[in-house]
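Take a look at the structure set out below.
When a residue number appears, it is its place in the shown sequence, counting from 1.
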Amino acid sequence: MTSGRVQVAFYQRMHIIRLLGDVRLNLCSTLERYLDDILARPDFDNVIVDLSAADGVDSTTLGQIAKISILCRDRFGIVPTISSPNPGITRILLSMGFDQVFHIVDEPFKDEASFQEWVADSVCEDEAREQVIAAHRVLMSLNEKNKNTFKELVDSLESDRSHS
């Protein structure tokens, strides 16, 4: 698996977030920064998360992706789309309830957009912990199964927070 990367584009009033390779916790600040950036300007009609080139996506990243949908729905009345042609990744998305907050399509996203690499400043351990907790809380809010799956992790991270 190749190391994960995030690319972004703004094309025909759509924000497109393309995840490539193995997307893990180390990219959570990148997604968080982009989310803050796009939500600051309501000049778009849709958000597309393109997982066509993703080899793997960890639960923190999934939580941040879910947060994108929840915020877009609540603030702008938009239900974003996920392009997920990988049946393994789609199975994970469905099992976590992403079909409740996204339109999920199994075709690769075809576009003419010009993508740029999106990177964020590194974050300290405390900030990273807070981002992981927040991402997993979003996943827990999607359904009871997720709540049971991630409760122990969130409790443990919050306990670590209070001992720091």
Would you mind reporting whether [Y] and [X] have side-chain heavy atoms less than 4.5 Å apart?
X	Y	answer
Gln116	Val8	yes
Thr149	Ser59	no
Val6	Leu19	yes
Gln131	Thr60	no

Heavy-atom closest pair, residues [X] and [Y]:
X	Y	value
Val47	Ile17	CG1-CD1, 4.2 Å
Asp43	Phe10	O-CZ, 3.3 Å
Ile82	Phe102	CG1-CD2, 3.4 Å
Arg137	Glu158	NH2-OE2, 2.7 Å
Ser83	Ser52	OG-OG, 3.3 Å
His136	Val132	ND1-O, 2.8 Å

Neighbour count above 12 (heavy atom, 6.0 Å) for Glu117 CD: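 More than 12 within 6.0 Å, yes.
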Heavy-atom donor-acceptor pair, Arg13 side chain to Asn46 backbone, under 3.5 Å: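 The answer is no, because no donor-acceptor pair under 3.5 Å joins these two groups.
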Aromatic ring pairing His15/Phe44, orientation class (parallel under 30°, perpendicular over 60°, tilted between):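 The rings of His15 and Phe44 stand perpendicular, inter-plane angle above 60°.
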With rounding to the nearest 0.5 Å, note down the distance linking [atom1] in [X] to [atom2] in [Y].
X	Y	atom1	atom2	value
Ile133	Leu153	CD1	CG	8.5 Å
Ser156	Arg129	OG	CZ	9.5 Å
Leu157	Glu152	CG	CD	11.0 Å
Phe76	Leu71	CZ	CG	8.5 Å
Leu142	Lys147	CG	NZ	11.0 Å
Asn146	Phe98	CG	CZ	8.0 Å

Hydrophobic cluster identity match, Tyr11 and Phe115, side-chain contacts under 4.5 Å: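 Yes, it is one cluster - the side chains of Tyr11 and Phe115 are joined through contacts under 4.5 Å.
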ILVMFWY network linking Met140 to Ile70, side-chain heavy atoms under 4.5 angstrom: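 Linked, Met140 and Ile70 end up in one cluster.
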Donor-acceptor pairs under 3.5 angstrom involving side-chain atoms of residues 89-97: please list them, not counting sequence neighbours.
from, atom 1, to, atom 2, distance (Å)
Thr90, OG1, Ser84, O, 2.8
Thr90, OG1, Ser84, OG, 2.7
Thr90, OG1, Asn86, O, 3.1
Ser95, OG, Ile92, O, 2.9

Check: Thr61/Asp58 side-chain N/O donor and acceptor closer than 3.5 Å: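 Side chains of Thr61 and Asp58: pair found under 3.5 Å.
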Residues which pass side-chain hydrogen bond (donor to acceptor under 3.5 Å, both in side chains) with Asp99, listed by chain and number, not counting sequence neighbours: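 Per chain and number, Asp99 pairs via side-chain hydrogen bond (donor to acceptor under 3.5 Å, both in side chains) with no residue.
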